[in-house]
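Notes follow the structure.
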Amino acid sequence: MKKSRLNLFKSTSMLISIVGVIMIVSTIIVVAYVGFSIASSGITNEISSGTQYDELATLKSSYSSLEEKFDSIKPTSESPESVIDSYNAAKLELTRAKTAIDNVQSALDAGKSSSEVDNRIQFAKEKLKVANDAYNNL
């Protein structure tokens with residue numbers, strides 16, 4: 001009777017040891033998978049935000065050149081009122097484009113999601129196009 005208890009104890013302790021090792025190995029695998037997922041997600045976001053920073057630089061460059069064009073045709077006080085009004089309306093569109101570009105910058109600085117930054121970039125491009133069209137209509 002004592003030998004069967006001893007064999008039962010040995011087999012039970014062996015089973016507990018094997019289950020413990022399996023649990024430790026599975027925990028390590030799960031932690032490694034989660035760590036890999038976080039790291040790869042971070043790398044993907046870095047690549048995406050790099051492209052978005054390039055687009056922001058392009059937007060800023062386009063804005064600067066358009067602003068220079070606006071400054072070169074600034075109406076004088078002797079200009080007719082209709083010219084001054086249309087210049088001011090076009091300049092307002094340029095200001096809206098600048099605000100949209102600043103929103104892109106703030107989204108990138110705040111680490112917003114890639115889709116939100118892309119939406120803001122698209123909106124800034126639209127505003128810049130409207131400002132460019134307003135300049136061309138002067």
Side-chain angles (χ1 to χ4, degrees):
M1 186 79 173
K2 287 188 175 195
K3 277 199 171 212
S4 67
R5 281 187 189 169
L6 186 61
N7 285 337
L8 182 63
F9 177 74
K10 284 181 181 179
S11 62
T12 304
S13 66
M14 182 62 80
L15 179 65
I16 291 172
S17 297
I18 291 172
V19 169
V21 169
I22 290 172
M23 289 178 64
I24 289 171
V25 169
S26 63
T27 302
I28 291 171
I29 290 172
V30 168
V31 168
Y33 175 76
V34 169
F36 177 76
S37 295
I38 290 171
S40 66
S41 173
I43 291 170
T44 302
N45 287 340
E46 292 283 329
I47 292 170
S48 177
S49 68
T51 304
Q52 291 166 341
Y53 276 108
D54 292 344
E55 290 185 39
L56 176 64
T58 303
L59 286 171
K60 285 183 176 182
S61 173
S62 298
Y63 172 79
S64 294
S65 66
L66 188 58
E67 186 178 36
E68 287 176 13
K69 289 179 185 178
F70 268 94
D71 290 341
S72 69
I73 64 161
K74 196 172 201 172
T76 62
S77 59
E78 296 91 32
S79 301
E81 191 172 325
S82 62
V83 172
I84 294 173
D85 288 343
S86 29
Y87 177 81
N88 287 337
K91 190 74 171 175
L92 179 63
E93 292 300 329
L94 184 66
T95 305
R96 288 180 180 152
K98 175 66 173 158
T99 303
I101 292 170
D102 289 343
N103 283 340
V104 172
Q105 179 71 50
S106 68
L108 284 170
D109 291 344
K112 298 282 185 178
S113 69
S114 180
S115 62
E116 184 174 342
V117 174
D118 286 338
N119 290 340
R120 290 186 186 195
I121 288 173
Q122 187 61 36
F123 183 73
K125 285 180 180 178
E126 291 170 7
K127 287 298 179 183
L128 201 56
K129 183 181 181 321
V130 168
N132 197 21
D133 292 343
Y135 170 78
N136 291 334
N137 291 334
L138 287 178

If you take all heavy atoms of [X] and [Y], which pair is closest and at what distance?
| X | Y | value |
| --- | --- | --- |
| Q52 | D118 | NE2-OD1, 2.9 Å |
| A97 | A131 | CB-CB, 4.4 Å |
| I121 | E55 | CG2-OE1, 3.1 Å |

When rounded to the nearest 0.5 angstrom, what is the spacing between [atom1] in [X] and [atom2] in [Y]?
| X | Y | atom1 | atom2 | value |
| --- | --- | --- | --- | --- |
| E81 | S86 | CD | OG | 10.5 Å |
| L59 | S64 | CG | OG | 11.0 Å |
| L94 | N88 | CG | CG | 12.0 Å |
| N103 | N119 | CG | CG | 12.5 Å |
| D133 | L128 | CG | CG | 10.0 Å |
| I29 | I24 | CD1 | CD1 | 12.5 Å |

Assess whether side chain to side chain contact (heavy atoms under 4.5 Å, CB included) is satisfied between R120 and S106, documenting all intermediate values.
CA-CA 10 Å; R120 290 186 186 195; S106 68; 3.7 Å; yes
Please check if Y53 and I101 belong to a single hydrophobic cluster, counting links between Ile, Leu, Val, Met, Phe, Trp and Tyr side chain heavy atoms closer than 4.5 Å.
yes
Check for me, please, whether I22 and M14 land in the same ILVMFWY cluster - side-chain distances under 4.5 Å, paths through other members count.
yes
Is the backbone of N7 close enough, under 3.5 Å, to the side chain of S11 for a donor and an acceptor to pair up by distance?
yes
Examine distances only and state if a side-chain atom of E116 and a backbone atom of A107 form a donor-acceptor pair shorter than 3.5 Å.
no
Do other residues, nucleotides or ligands put more than 12 heavy atoms under 6.0 Å from the NZ atom of K91?
yes
Check whether any side-chain heavy atom of E126 lies under 4.5 Å from a side-chain heavy atom of V130, and answer yes or no.
no
Does K69 reach the side chain of I73, with side-chain heavy atoms less than 4.5 Å apart?
no
Does any pair with a residue in residues 104-138 pass ring-ring contact (aromatic ring centres under 6.0 Å, His included), and if so which ones, sequence neighbours excluded?
F70-Y135
Under the side chain to side chain contact (heavy atoms under 4.5 Å, CB included) criterion, do K98 and E67 qualify, and how do the steps go?
CA-CA 10 Å; K98 175 66 173 158; E67 186 178 36; over 6 Å; no
